[in-house]
Amino acid sequence: MNKLGKPGTLSLKEVTDGLGRTPDVVIPFLPRVINECEISGYPAARSKNSFSSAISILVQEAASVAMERKQSRVGKIRNKIESLFSRWQS
């Protein structure tokens, strides 16, 4: 769903009721952010906002991939230990 919140368009609830499910990706209507990016020449998805989050989800859906999540230091250490043990057992 593109441009959620644009004046005169359907609400998310109306679209969800009409489709029978929620849209996979919802891109918000952010004219101020988009216009500023157009003027400055910077990609709108570069800044941390709801637009960039929605574009990230859209890219993942289109490419059928998942982005790696940042892990805590404990998670990284645990993964290294698990990979070490799995190599050792083989």
Side-chain angles (χ1 to χ4, degrees):
M1 181 174 179
N2 193 17
K3 297 183 181 180
L4 176 67
K6 183 176 180 180
T9 61
L10 299 173
S11 69
L12 182 58
K13 183 178 181 340
E14 292 170 324
V15 171
T16 301
D17 291 345
L19 292 174
R21 67 184 194 96
T22 58
D24 293 330
V25 181
V26 176
I27 301 172
F29 179 64
L30 300 171
R32 203 174 285 164
V33 171
I34 302 301
N35 290 342
E36 179 63 34
C37 290
E38 184 179 15
I39 292 167
S40 66
Y42 292 109
R46 180 187 211 181
S47 56
K48 299 292 182 195
N49 55 38
S50 56
F51 180 80
S52 65
S53 298
I55 294 299
S56 294
I57 294 168
L58 180 62
V59 167
Q60 290 177 53
E61 290 290 325
S64 298
V65 296
M67 294 176 67
E68 292 183 27
R69 293 184 180 196
K70 291 186 178 184
Q71 295 179 342
S72 66
R73 188 174 184 160
V74 173
K76 289 178 183 177
I77 293 170
R78 183 175 60 227
N79 286 344
K80 288 185 186 228
I81 291 171
E82 287 175 357
S83 68
L84 179 67
F85 278 115
S86 67
R87 283 190 237 150
W88 183 60
Q89 291 176 342
S90 299

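Just so you know, these numbers come straight off a predicted model, no measurement behind them.
For the atom pair N35 CG and L30 CG, the distance stands at 10.5 Å (nearest 0.5 Å).
Within 6.0 Å of atom OH in Y42, 12 or fewer heavy atoms from other residues, nucleotides or ligands are found, so the atom counts as exposed in its surroundings.
Closest non-hydrogen pair, L10 versus M1, comes out as O-CE, 3.9 Å. Heavy atoms only, all atoms of each residue included: S52 and A44 are closest at CB-O, 4.5 Å. Of all the heavy atoms in F51 and P28, the pair that sits closest is N-CG, 4.0 Å.
L19 and L12 fall within a single hydrophobic cluster, where Ile, Leu, Val, Met, Phe, Trp and Tyr are joined by side-chain heavy atoms under 4.5 Å apart, directly or via other members.
When each of I55, L4, I57 is paired with I27, the side chain to side chain contact (heavy atoms under 4.5 Å, CB included) condition holds for I55 and for no other.
Sorted by first and then second residue, the salt bridge (charged side-chain N to carboxylate O under 4.0 Å, His left out) pairs with a member in residues 25-48 form an empty list; sequence neighbours excluded.
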Exercise. What's the verdict on side-chain contact (heavy atoms from CB on, under 4.5 Å) for V25 and E61, showing C-alpha distance, side-chain angles and the deciding distance?
Worked result: CA-CA 9 Å; V25 181; E61 290 290 325; 4.1 Å; yes
